[in-house]
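By convention in this document, chain letters (A, B, ...) are assigned in the order of the sequence lines, proteins followed by strands, and residues within each chain are numbered from 1.
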2 protein chains.
Amino acid sequence: MQGHDPAARPPFAVTVDLVVLTVRREEMCALVVRRGSPPFCGRQALPGGFVRVDEDLETAAKRELREETGLADFPGHLEQLASYGDRHRDPRMRVVSVAHLVLAPDLPDPRPGSDAAEACWAPVSTLLDDPQRLAFDHHRILVDGVERARAKLEYSPLATAFCPAEFTVHELRRVYEIVWGVALDPRNFHRKVTGTPGFLARTGRTTTRGGGRPAQLYRRGEVPLLNPPMLRPDRAGQPVPADPAAR
Amino acid sequence: MQGHDPAARPPFAVTVDLVVLTVRREEMCALVVRRGSPPFCGRQALPGGFVRVDEDLETAAKRELREETGLADFPGHLEQLASYGDRHRDPRMRVVSVAHLVLAPDLPDPRPGSDAAEACWAPVSTLLDDPQRLAFDHHRILVDGVERARAKLEYSPLATAFCPAEFTVHELRRVYEIVWGVALDPRNFHRKVTGTPGFLARTGRTTTRGGGRPAQLYRRGEVPLLNPPMLRPDRAGQPVPADPAAR
DNA sequence: CCAAAAGTGTTCTTACTACACCCATGG
DNA sequence: CCATGGGTGTAGTAAGAACACTTTTGG
């Protein structure tokens, strides 16, 4: 914070980029837009845009999210991820991007934003396969966002951000299985999440939407931390197990 | 990344701020400078400065660190912490600061940097006591940095970044105790760190610098993750236990 | 000898794993 | 009735907590 010589504070552009993750059709998906102008014209990219002089970083992230998804006040979770400011990450100029991570329930299909030629959900596995698929350094940002999301499921109630307001233990378990790419024992999982005080709140209602015996519907509880954490099994190369009840 | 209208990319200043932590004299300390110019003239602040147009963020952080500590290639750890960009965090202009976290062994007293009127180590407890003590939003940045450091000790070998190149199990345990503010059982701690393959590497040498029976000297091992993690006991209000062997 | 710190062994307890088993619904 | 998923019980195991005890130095 020293060095007040104006020459010592070169101008930067500051952007926010969004890693918006959801679970839909038994897959973890990310929101991507199709770029309509150079550089990387026609390539896919994470949604994002310039921060305005009169708005905070989180405000800018929420505004971009609203512009891309068309949702005024969306349910879900938003947090800062990290900043990316390599000298040549944008060939046009010096840009520092403050990436944010958003976890959302299965939203209605996004409405293309003003500048984005196209916005859609893309399976994360596809996006991660090819490091060149996304423009700029967005592949790295996506990798970091996905890893952050996976890690946070272990010790936080954030998996519920992928679920609708009311959900069954089965649906919550599917989130863990799909995001982590592992199979979890349904019975032990049930005991773990229902046995941790404050993690889930019963609504008293039940549903049979999964078939079989009616399941309790829960809402997210009030505890901010899951302790002891949910243990992530070794990812021993197994593909994501399919859910027979998958629609 | 949309919106290429030049009017849509207002100029920002980008800085790096540093949370440099060390353990010295049985206390966790942070590097602070005394500001020599307004705003907050005369107040303490975290070291930092403007990012130059031709350097990456991490390069800028390392440069600032070198300028403040006078060490060309310091031992320790540096990682990005988070970015702080509230509209009015700097009264002069719009600034986004990318904070970095540095964990260092007990270094020689810092050499005041070019722009800093004074640089010194201050106990973190003192700095955290008064939210107004540090300039700008540096109190918040420090809180976040300390919390990150505390969390990372649990599942990473980063506590060794606070130690000299060769250290005893006792010294490593004191790092955990001081950073966490808890007492740990020396015998269980010993079993844990020496029993986790790859966490520590024996040098074969011993030392009696703590008094008593000679202790093995270790170097940091090669594993990047401590699994299962070191469990942080409930901080039940006890003050940091003093080490009778404290110098 | 004693004090102090290093390091090992043993018991108790917690919490996860694996899996048998029963429950409640729809068709 | 049967299929399907919901939910409980229980035995085995991994690992932390607590603490008794032996080892090796300095004074």
Side-chain angles (χ1 to χ4, degrees), chain A residues 26 153-155 166-174 176-177 180 182-197 199-200 202-218 225-234 236 238 241-247, chain B residues 153-155 166-174 176-177 180 182-197 199-200 202-218 225-236 238 241-247:
Chain A
E26 302 284 309
L153 292 205
E154 293 186 39
Y155 56 89
E166 297 191 358
F167 51 86
T168 66
V169 172
H170 180 108
E171 291 161 353
L172 184 63
R173 177 170 53 83
R174 286 303 295 161
Y176 277 89
E177 292 183 331
W180 283 352
V182 297
L184 298 176
D185 186 295
R187 299 154 294 187
N188 292 335
F189 182 87
H190 186 281
R191 219 194 318 269
K192 174 79 179 169
V193 295
T194 58
T196 301
F199 187 65
L200 296 181
R202 303 182 65 133
T203 63
R205 280 182 291 283
T206 60
T207 182
T208 58
R209 63 184 178 226
R213 170 176 168 181
Q216 294 290 324
L217 280 169
Y218 293 88
L225 242 56
L226 178 55
N227 192 284
M230 184 85 61
L231 293 186
R232 172 156 44 159
D234 284 335
Q238 316 98 327
D243 183 354
R247 284 143 301 279
Chain B
L153 291 205
E154 294 186 38
Y155 56 88
E166 298 192 358
F167 51 87
T168 67
V169 172
H170 178 106
E171 290 161 352
L172 184 63
R173 177 170 55 82
R174 287 303 294 163
Y176 276 91
E177 292 183 331
W180 283 351
V182 296
L184 298 176
D185 186 294
R187 298 154 294 187
N188 292 335
F189 181 89
H190 187 280
R191 219 194 318 270
K192 173 81 179 167
V193 296
T194 57
T196 301
F199 187 66
L200 297 181
R202 304 182 63 135
T203 64
R205 279 182 292 281
T206 60
T207 181
T208 57
R209 62 187 179 222
R213 171 175 166 180
Q216 294 290 325
L217 279 169
Y218 293 88
L225 241 56
L226 178 54
N227 192 283
M230 183 85 62
L231 292 187
R232 172 158 41 161
D234 283 336
R235 178 87 169 80
Q238 317 97 325
D243 182 355
R247 283 145 300 279

Checklist outcome for this item: Of B:A215 and A:K192, the one whose nearest nucleotide on DNA chain C sits closer to the 5' end is B:A215
Checklist entry - Is A:E177 paired with A:R174 through a side-chain N to carboxylate O contact shorter than 4.0 Å? => result yes
Checklist outcome for this item: salt bridge (Lys or Arg N to Asp or Glu O under 4.0 Å) filter on B:R213, not counting sequence neighbours, yields none
Item to check | Nucleotide D:dG5, atom P - distance to CD of A:E171 in whole Å | outcome: 13 Å
Checklist entry - Among all residues two or more places apart in sequence or in another chain, which pass the side chain to side chain donor-acceptor pair (under 3.5 Å) test with B:R202? => result B:Q216
Next on the checklist: Going by ring-ring contact (aromatic ring centres under 6.0 Å, His included), name the residues that satisfy it together with A:F189, two or more places apart in sequence or in a different chain.
Outcome noted: A:Y176
Next on the checklist: Checking B:R205 now: which residues fulfil salt bridge (Lys or Arg N to Asp or Glu O under 4.0 Å) with it, not counting sequence neighbours?
Outcome noted: B:E166
Checklist entry - A:L226 CG to C:dC16 C1': how many Å, rounded? => result 13 Å
Checklist entry - Whole-Å distance between C:dT14 C1' and A:N227 CG? => result 13 Å
Checklist entry - A:F189 has an atom CZ; how far is it from atom C1' of C:dA15, in whole Å? => result 16 Å
Item to check | Atom pair distance, as rounded to whole Å: CZ in B:F167 and P in C:dA5 | outcome: 20 Å
Next on the checklist: Could you work out, with salt bridge (Lys or Arg N to Asp or Glu O under 4.0 Å) as the rule, every residue matching B:E154, not counting sequence neighbours?
Outcome noted: B:R232
Checklist entry - Side chain of A:D185: nearest nucleotide among D:dG7, C:dC19, C:dC16? => result C:dC19
What are the atom names and distances for every N/O pair under 3.5 Å that joins the protein to nucleotides 10-13 of chain D?
unit_1 : atom_1 : unit_2 : atom_2 : d
D:dT10 : O4     : A:R191 : NH2    : 3.4

Next on the checklist: My understanding is that only residues two or more places apart in sequence, or in another chain, count here; which of them pass side chain to side chain contact (heavy atoms under 4.5 Å, CB included) with B:P229?
Outcome noted: B:Y155
Checklist entry - To the nearest angstrom, how far is B:L217 atom CG from C:dA5 atom P? => result 17 Å
Checklist entry - Expressed in angstrom and rounded to an integer, what is the separation of A:H190 atom NE2 from C:dC19 atom C1'? => result 17 Å
Item to check | Interatomic distance where CZ belongs to A:R174 and C1' belongs to D:dG6 [whole Å] | outcome: 16 Å
Checklist outcome for this item: The side chain to side chain contact (heavy atoms under 4.5 Å, CB included) partners of B:P228 (sequence neighbours excluded) come to B:K192
Checklist entry - If you look at every heavy atom in A:M230 and A:V193, which pair is closest and at what distance? => result CE-CG1, 3.8 Å
Checklist entry - Once each nucleotide of nucleotides 20-27 of chain C is scored for protein heavy atoms under 4.0 Å, what B/S/- sequence comes out, 5' to 3'? => result BB-BBB--
